[in-house]
Amino acid sequence: MADTLTLFTSIGLSEQKAKETMKNEALSSALKEAVTQAQRVHGASGVDKAMGTLLYNMASRLKDAKRLAFLADSIVQRKICTELQLAAALDFVKSHPQDPINQKEFEEACGVGVVITPEQIEDAVESVIKKHKEQLLKERYHFNMGLLMGEARSALKWADGKVIKNEVDMQVLHLLGPKTEADLEKKPKPQKAKVTENEVKAKKEEVAVNGEVSTGEVKSLMEQLRGEALKFHKPGENFKTEGYVVTPNTMSLLKKHLDLTGGQIRTRFPPEPNGILHIGHAKAINFNFGYAKANNGICFLRYDDTNPEKEEEKYFTAIKDMVEWLGYKPYAVTHASDNFQQLYDLAVDLIRRGHAYVCHQRGEELKGHNAPPSPWRDRPIEESLVLFERMKKGLFAEGEATLRMKMVMEDGKMDPVAYRIKYTPHHRTGDEWCIYPTYDYTHCLCDSIENITHSLCTKEFQARRSSYYWLCNALDVYCPVQWEYGRLNLTYTVVSKRKIIKLVETGVVRDWDDPRLFTLTALRRRGFPPEAINNFCARVGVTVSQTTTEPHLLESCVRDVLNDTAPRAMAVLEPLKVTITNLPEDSQSDVRVPDFPANEAKGSHMVPFTCTIFIEQSDFREVMEKGYKRLTPEQPVGLRHAGYVISVQKVIKDAQGNVVELEVNCCRSETAEKPKAFIHWVSKPLTCEVRLYERLFLHKHPEDPSEVPNGFLSDINPNSLQVISSALVDTSVKGAKVFDKFQFERVGYFSLDPDSTADKLIFNRTVTLKEDPGKI
Amino acid sequence: MGDPVTDYTARLQQQEREIQSLSAEIESLKNPQDLSSSPRLDELREENAKLKYRLNILKRSLQEERTYCSKSMMNINQRLQEVFGEAIRASCPELDNPPLAVTPNQQAKFGDYQCNSAMAMAQMLKAKGIKVNPREIAEKIVQNLPDNELTQKTEIAGPGFINIHLKRSFVSKLLSNLLINGVQPPPLASKKRVVVDFSSPNIAKEMHVGHLRSTIIGESMSRLFEFLGHDVLRLNHVGDWGTQFGMLIAHLQDKFPDYLTVSPPISDLQAFYKESKKRFDEEEDFKKRAYQCVVRLQSKEPDFIKAWNLICDVSRREFQKVYDCLDIQIIERGESFYQEMMTEVVKEFEEKGLLQLDEGRKVVFVPGQPIPLTVVKSDGGYTYDTSDLAAIRQRIFDEKADVIIYVTDSGQGTHFQVVFAAAQMIGWYDPQVTRVEHAGFGVVLGEDKKKFKTRSGDTVRLMDLLEEGLKRSMDKLKEKERDKVLSQEELIKAQRSVAFGCIKYADLSHNRINDYVFSFDKMLDDRGNTAAYLLYAFTRIRSIARLANIDEATLRKAAETTEVILDHDKEWKLGKCILRFPEILQKILDDLLLHTLCDYLYELATTFTEFYDSCYCVEKDRQTGEVVKVNMWRMLLCEATAAVMAKGFDILGINPVQRM
């Protein structure tokens, strides 16, 4: 311990830094090796601070440990003397993963031996300043000096930045003289005029115009690319990804891969066809398809159909529907089962190469953490080949034999299973097979077969990354890069198939697409536009860490889209009859209502206006209350779009004293005093059913036993569904098609439910207008 | 524990509970509304589905193994029987042992094979009081046909025949396999130890035409069993023991007193035998001495054994000449071999109480058999019965034979039936396990349909017969001016091939059970079902490739790369005919009637001629005679035909020649 500490401080690390370094075992041992190597040449105290820093930086930034000695040597030999050269050197070894390193190329790339004289720097800076002289003289010290630095630097690649800076400073001083008071003043920010409300409106409209599907998507892609995906390797440069395993065949395989794909980005969305897609899948779809699209690449929809027991035909079509609904078109729809024969042949090859064996341990023996190693691990290859063929031919019962790969996984699991016996027909291959490959075996090989460049998957699969690389390399086939991102989790819901089945079975929800769920079919039924879901995925972004998001973020994305796409209509959920006494009984006029009041150019529709109208019960109060701006016996209220203001003449009540009707007078709004508020109304309306939804669960994490000790079924929000069987909606919704969306003014966004009939329309409330509907 | 009241109460309560649970179950069974299956039932259903799935996979694997993986030839008929057997069982589960009849179809328009079980099944059902139209049964069978690799389609014709059409691709694949792997026997269920007892002449007597039949048939049977993969022991049960040897030895001692040091120059054992017989009948002294010699021989006195061996050797040399001509492999194990064992056999019968005394003889009566076996004569000597019992016992217990076949003339049939029955009675073998059979044959007749004799009325010496065959064969070849085409060596080869081939084939091509007429003229005729015809046909097929300048390597390569096309009717007919070889062998294995193979080879040769007459194998320029085009798949058909014929000849013991 003490020795290491001394060693580290001897190269100029502070004691604290040295101690910190020692905590990181990998770094500590690498540094130790590098320093020892340096001291062998320069003696125990001969490593100066500059060299020490380079060694430290090298050790901490180098990914590939086998290059340590090489780089340390370059530093020790003083070939690599600057930070700049080190960066170039690290870059070089990263892009040349294979031995041998061409010394000449390396030195050229790192500027080894390049000497920059002070004169060269002087000349370079001088010519840069000459170029910008005019602007410099004008802006003086407000000029962006970084620009000068940058240009000078690019002219002299290996020059020391500090020296350049000094030279720039000196020459600028020489040109401009010392700073004046004006120079010291802060540069005035561009004046931000105070925007009037009108302008804000106008701006919103602009957004609205731009908020079309296409731009929305571009935005989402841009946003994604800002995240981790920006760092992704270029096709064919798989080895630049951290953790990628390079074998003697890697480079030639990558070359073949490039020849085949022409350098195109290839991704895939690989769902298991054993359930319904949910919001978590939306992210995977969005990411895989989006990343390919943003890079002019292609994305496959691949069904990972290796488990015949769980698959059903209906899931296949449902998955494709949802991908298409989200606006993506797969380059090709493939199935893992398309490759069963090839996978089998590869398995035989794997056995031949001595990397797999037939095992007879029982499933129950392998469960748990410390499963005993297989006694069949070292059986002869020939034996495994014969037994594997017998597995295929049906000579073993289920569970009597498996094919296992000789490999230890990240989590310490030994020898994952590659093939197991199942006497179950497969929906695509019928009765052809009785052995089926596992995820661990199939996934990477299908990726390889499809020449996927980026195999994007969620974090849970990190533990399987090494097996992914191992298998491709064990078979000497092209190895894609696996990259894991954090799963998208939403609060106040459950998405697991098993739990949703429970909810359906217990009658809590109506079906898989009950709008309170977060399956994609449910979201579609509730009226969520696919653009909104894509935008949401983009907004959540792609990160390595797990993200838990509240549903209202999704809802706000929905509002953003619907605001611009859902035409307005008026609906009264809890009607109160209002008779206008000063209009003739048979009078009827048509009122023009803009589809989008913010942009009347987008069209309008007509609704009838007669002497009998209906308003929301909540828009009338018999007793005036402070701050209440709508209708009271004393306070008139405006009718939206109608151009009338009404005032109460008579309140009619039933026997229980409930208000059942109002008689009012109306006058044109131009003549009346401006009312405090305008309310919506309907006249000669359609009677519709309206379903109002709220969160299905009361707690944020219904699956968390500390939050909900009695299980998620005990956490159901009793008010999650409210059905209003006779809401009154204006006639403009007549003829609406399933999933058509409207904004019911002042009420919320609604979407036509598939349960609707010609006689009775049914609307689902997609979202309320505002996040908090609690306002009175 | 004592209180009986408590005990009984407990038992009553227990029974009460059982009654309740049973009535509850009965109730639930009565109640049709409650049809929801129990979890146990679901489990069983699932297990059943899985087992069915596995069964299907296993069946397919088996099929694949048969068709593609193994080198052996498939017996198409047998495979069809399996397929139809399954369908028949499934369509008529009420019949315990439904008849299964699948045969090749004679007329191409009715398909390739036909299944005629429906009519017989209808009969069986009728006997059970169920009236079903056989056509309906046929329809049911067709519906129940399992998925299989070989049938293309089936049609129901007439009263209920099911005509079966084979898949062309399947036949083509089998032919390719045949070409690649050569003519291989069908898969062997279990390798058996087979003893074939044949030839079996008597020492010091001439081999006659009866022995010729036994030799030819026995040899061919042995070859068949060997080809099918069995372990064959060919035994020559020569008559080398008995009282006649006393007489011979006595005479030998008189004529060649120094026989122990100087080998006596007996060239004509037949004459020697006659001389001694004459003395035996006429000289009382000699007769006495002859008897003494027998006793001394039986007590294995070296001088007598030596004398006996000398005599036997003379015979052996004669026999071997015949065997050499006919290319016979056989181990001599004569009656003398079993001498010691006979005592034990008698003892065993005695101990088991199966011996009866009859006028001083010890006899064995076997229930159901008309005559008893005499195991010990009144003078204490043993008989053929005894030695045959000893032999069968030795073959079962020491040789561990699974199959024992005796090839002798039909006249010995009764004798062997009694021997076999006695052996079963004493428990030496179970006919279900061990197959012991007498393959009898009819007598050889002269062209006058009378017993085959020389003109002077003597029995025909075998060697003379063979010599004459050679002479006739050469005459024939010269008549056809083959001596001008062939080299001397080739000519001699052809002569032997034709001569011995014809003698054997003439014998084998007739149902062995019948008597057959020996006629050189007929057997050497190169038209009709004769070896001469087949040998000519074979050399002609062989010459097709040679004349097209295609060497064996090219043909072997083509076998792997060229698909055998069977679009032409004659190609199709020939292809199927070639592939019938395994089912022919199977049939012979069952009935030991080798003429079936001869008939098949003749059919194959004529089918080939039909094919060759209508399908060009090689197209040549009319003027120059240059090869313009080779239809390789047809060359392959020629090759396959030749390969099967060659194997057939081999089993018959006929040596074909390249040129004749």
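In the text below, chain A, chain B and the rest are named by the order of the sequence lines, each starting its count at 1.
In this structure, the side chain of B:Y53 engages the main chain of A:T424 through a donor-acceptor pair within 3.5 Å.
Taken from SG in A:C434 to CG in B:L58, the straight-line distance is 7.5 Å, to the nearest 0.5 Å. Atoms CZ and OG, from A:R390 and B:S61 in turn, are 12.0 Å apart once rounded to the nearest 0.5 Å. Note that the CD atom of A:E309 and the NZ atom of B:K50 stand 4.5 Å from one another [nearest 0.5 Å]. Summarising the geometry, atom CG belonging to B:L55 is positioned 10.5 Å from atom OH belonging to A:Y423; distances are rounded to the nearest 0.5 Å. Atom CD1 of A:I421 and atom CD1 of B:I57 lie 10.5 Å apart (nearest 0.5 Å).
Of all heavy-atom pairs spanning A:E432 and B:R60, the tightest one is O-NH2, 3.2 Å. A:G394 and B:R54 get closest at one heavy-atom pair: O-NE, 2.9 Å.
Within a 6.0 Å sphere centred on NZ of A:K406, other residues, nucleotides and ligands contribute more than 12 heavy atoms. With a 6.0 Å radius and a threshold of 12 heavy atoms from other residues, nucleotides or ligands, A:D511 has its CG atom above the threshold. Atom NZ of A:K320 is surrounded by 12 or fewer heavy atoms from other residues, nucleotides or ligands within 6.0 Å.
For A:L395, the parts lying near chain B are the backbone and the side chain together; criterion is any non-hydrogen pair under 4.5 Å.
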